[in-house]
Amino acid sequence: DCDGEVDEGVECAPTLGQGCEVDDECELNLECGYNGYCTISDWAYIAPGSFVQGSNTGENAERPERHVTITRPFLASVKEFTNAKWNTLGLDNQSIRADCLNCPVTNITWYKALAAINLYSIQNHLPYCYVNNNMTAYSMQDAENEEDVNWPEGLDCPGYRLPTEAEWEFMVRAGTTTNYWCGNESTCLIDGEIAQEVGSFNGMLFDTIQEVCSRINLIQNIGKNPNGLCDTLGNVREIVWDGYRNPYSPELAENDPIQNPEQGNSLVVIRGSYLLRRNSFEFRCSQRSSSEKNEMNQFRGFRPVRSLAE
């Protein structure tokens with residue numbers, strides 16, 4: 001089979017996860033991603049690798065810094081999950097900007113995000129990842145009742161899911177070690193054409209949700225980090241799978257660490273976003289926030305990912 005190597009004198013086009021330079025180099029139905037890997041449209045291929053998670057100079061919840069390895073590749077949505085995608089699932093939309101189809105869906109609980117992602121997997125003919133205590137697909141009715149959620153296959157599940165907290169920081173840092181993926185100063189995030197209108201981040205309170213991947217969200221080059229992901233430090237805060245511990249648990253594994261949330265209405269982690277931040281220190285790559293699973297928040301959404309074979 002054609003695997004990107006020379007086969008019988010003919011060089012095959014690179015396939016998913018292989019390096020590329022221009023769109024027409026990739027296998028049919030794939031495109032050359034922002035980070036130089038062949039990928040599916042609107043999805044970034046995230047290659048395995050290692051990084052330092054957390055910050056010893058940040059808040060207590062970010063400590064201690066620790067070496068983490070992501071051992072398997074995954075796909076990450078370039079955009080936060082939008083109202084348009086939510087509406088195709090036939091779900092009630094209570095977003096603060098429900099009229100804006102290209103804005104991220106908000107006002108959802110952690111439970112509802114998982115139920116919606118299950119539906120999104122089924123809609124795209126993929127296995128669902130989350131189940132209830134009866135081991136059947138976690139549904140929106142389960143979410144309404146705040147039933148416990150189980151993730152039995154873990155990272156082996158090939159359907160859509162929430163990223164783990166380690167995966168989130170890994171894909172947002174994208175090989176960088178600075179406070180923000182573009183540098184140590186928040187000014188690197190401000191688009192020059194907009195900076196004159198908004199001034200400095202410090203002391204300001206941003207409270208407007210914008211369309212995904214739009215220039216008005218204040219992030220340079222329409223918000224794409226080196227992996228090609230939009231709005232990772234802007235627009236809404238993003239729900240991840242993990243339960244919240246402050247500081248990080250010393251028992252977490254170095255490879256593919258997962259802090260499974262406690263059952264019941266416990267605290268879970270949310271990441272990213274400049275919305276309602278008091279200053280730029282509060283939306284660095286390592287910054288962590290928490291909320292209860294059943295909390296509905298007008299500035300909180302999610303970004304699905306999908307495991308790939310190792």
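Note: hydrogens, waters and symmetry copies are ignored here, and every other heavy atom, side chains too, is used. Keep in mind it's a predicted model, so treat the numbers as computed, not measured.
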Not counting sequence neighbours, which residues clear side-chain contact (heavy atoms from CB on, under 4.5 Å) with Thr136? List them please. Asn132, Asn134

Residue among Arg66, Glu254, His67 satisfying side chain to side chain donor-acceptor pair (under 3.5 Å) with Gln53: Arg66

How close do Ala44 and Asn227 get, counting heavy atoms only, and between which atoms? CB-O, 3.4 Å

Verify, without hydrogens or angle tests, whether Ser95 (side chain) and Ala98 (backbone) share a donor-acceptor contact under 3.5 angstrom. no

Determine, step by step, whether Cys32 and Cys20 satisfy the disulfide (SG to SG under 2.5 Å) criterion, reporting the C-alpha distance in whole Å, the side-chain angles of both residues, the deciding distance to 0.1 Å, and the verdict. CA-CA 6 Å; Cys32 190; Cys20 58; 2.1 Å; yes

Test item: Gln141 and Asn145 side chains (from C-beta on) under 4.5 Å apart, heavy atoms: yes

Please evaluate residues Cys38 and Leu16 with respect to the criterion side-chain contact (heavy atoms from CB on, under 4.5 Å), reporting the C-alpha separation (whole Å), side-chain torsions for both, the decisive distance (0.1 Å), and the verdict. CA-CA 5 Å; Cys38 289; Leu16 181 66; 5.6 Å; no

Count the heavy atoms of every other residue, nucleotide or ligand shown that sit under 6.0 Å from CD of Gln263, and state whether that count exceeds 12. yes

Out of curiosity, Leu119 CG to Asn124 CG, how far, rounded to the nearest 0.5 Å? 11.0 Å

Is a donor on one side and an acceptor on the other found under 3.5 Å between the side chain of Arg306 and the backbone of Pro158? yes

side-chain contact (heavy atoms from CB on, under 4.5 Å) between Thr39 and Leu30: does it pass, once the steps are laid out? CA-CA 5 Å; Thr39 190; Leu30 296 178; 6.0 Å; no

To the nearest 0.5 Å, what is the distance between CG on Asn93 and CG on Asn83? 4.5 Å

State, to 0.1 Å, how close Thr109 and Asn294 come at their nearest heavy-atom pair, and which atoms those are. CG2-O, 3.3 Å

Specify the closest pair of heavy atoms between Asn56 and Glu65, including all atoms of both residues, with the distance to one decimal. OD1-N, 2.8 Å

I'd like to know whether Leu75 forms a side-chain contact (heavy atoms from CB on, under 4.5 Å) with Ile46, so could you lay out the CA-CA distance, the side-chain angles of the two residues, the decisive distance to 0.1 Å, and finally the verdict. CA-CA 6 Å; Leu75 293 176; Ile46 310 298; over 6 Å; no

Could I get the full list of salt bridge (charged side-chain N to carboxylate O under 4.0 Å, His left out) partners for Arg72, not counting sequence neighbours? Asp156, Glu310

Which pairs pass disulfide bond (SG atoms under 2.5 Å apart) with one or both residues in residues 140-181, sequence neighbours excluded? Cys129-Cys157

Asn107 side chain to Asn297 side chain, donor-acceptor N/O pair below 3.5 angstrom: no

Testing the 3.5 Å rule here: is there a donor-acceptor pair between the side chains of Ser139 and Asp142? yes

Nearest 0.5 Å, what's the CG-CD distance between Asn179 and Gln287? 11.5 Å

When rounded to the nearest 0.5 angstrom, what distance separates CG in Asn225 from CE in Met171? 8.5 Å

Can you name the residues that form a side-chain contact (heavy atoms from CB on, under 4.5 Å) with Gln259, not counting sequence neighbours? Asp242, Arg245, Ser249, Leu252

Single hit among Phe302, Tyr130, Trp168 for ring-ring contact (aromatic ring centres under 6.0 Å, His included) with Trp241: Tyr130

Should we say atom NE2 of His125 is surrounded by more than 12 heavy atoms from elsewhere, each under 6.0 Å from it? no

All ring pair (Phe, Tyr, Trp, His ring centres under 6.0 Å) counterparts of Tyr160, not counting sequence neighbours: Trp43, Tyr120

Less than 4.5 Å apart, any side-chain heavy atom of Thr82 and any of Leu101? no

Closest heavy-atom pair, Pro261 versus Val268, reported as atoms and distance to 0.1 Å, is CB-CG1, 4.0 Å

Heavy-atom nearest pair, Ser291 first then Ile270, reads OG-CG2, 4.2 Å

Tell me whether Val172 shares a hydrophobic cluster with Phe74, the cluster being built from Ile, Leu, Val, Met, Phe, Trp, Tyr side chains joined at under 4.5 Å. yes

Under the disulfide (SG to SG under 2.5 Å) test, which residues partner Cys285, sequence neighbours left out? none

Listed partners of Glu144 passing salt bridge (charged side-chain N to carboxylate O under 4.0 Å, His left out), at least two apart: Lys112

Contacts satisfying disulfide bond (SG atoms under 2.5 Å apart) that involve residues 88-122 (not counting sequence neighbours) are Cys100-Cys103

So, taking the atom named CZ in Arg97 and the one named CG in Asn102, what distance separates them when rounded to the nearest 0.5 Å? 10.0 Å

Ignoring hydrogens, what is the shortest heavy-atom contact between Glu31 and Asp42? Give both atom names and the distance. OE2-N, 4.2 Å

With sequence neighbours excluded, what pairs up with Tyr37 under the side-chain contact (heavy atoms from CB on, under 4.5 Å) test? Asn35, Tyr45, Ala47

A side-chain contact here means heavy atoms from C-beta on lying under 4.5 Å apart; do Pro152 and Met135 qualify? yes

More than 12 non-hydrogen atoms from neighbouring residues, nucleotides or ligands closer than 6.0 Å to CD on Gln123, yes or no? yes

Among residues at least two apart in sequence or on other chains, which ones pass salt bridge (charged side-chain N to carboxylate O under 4.0 Å, His left out) with Glu169? Arg173, Arg271

Which label fits Tyr111 and Tyr138: parallel for a plane angle under 30°, tilted from 30 to 60°, or perpendicular past 60°? parallel

Sorted by first residue and then second, give each disulfide bond (SG atoms under 2.5 Å apart) pair with at least one member in residues 52-86; sequence neighbours left out. none

Glu167 meets the salt bridge (charged side-chain N to carboxylate O under 4.0 Å, His left out) criterion, sequence neighbours left out, with Arg161

Is it true that Asp92 and Gln94 share a donor-acceptor pair across their side chains at a distance under 3.5 Å? yes

side-chain contact (heavy atoms from CB on, under 4.5 Å) between Leu233 and Trp181, worked out: CA-CA 9 Å; Leu233 300 181; Trp181 50 257; 3.7 Å; yes

Test log, rule salt bridge (Lys or Arg N to Asp or Glu O under 4.0 Å), inputs Arg300 and Glu238: CA-CA 6 Å; Arg300 187 173 66 177; Glu238 298 179 12; over 6 Å; no

Side-chain donor or acceptor of Trp110 paired with backbone N/O of Val240 under 3.5 Å: yes

Any donor-acceptor N/O pair, Asn255 side chain to Val68 backbone, under 3.5 Å: no

Side-chain donor-acceptor contact under 3.5 Å, Thr71 with Asp256: yes

For residues Ser286 and Glu62, is any side-chain donor paired with an opposing acceptor at under 3.5 Å? yes

Any side-chain to backbone donor/acceptor pair from Arg288 onto Val269? Under 3.5 Å, distance only. no

Leu308 side, atom CG; Leu155 side, atom CG - distance, nearest 0.5 Å: 11.5 Å

For Ser77 and Arg303, indicate whether the former's side chain and the latter's backbone hold a donor-acceptor pair under 3.5 Å. no

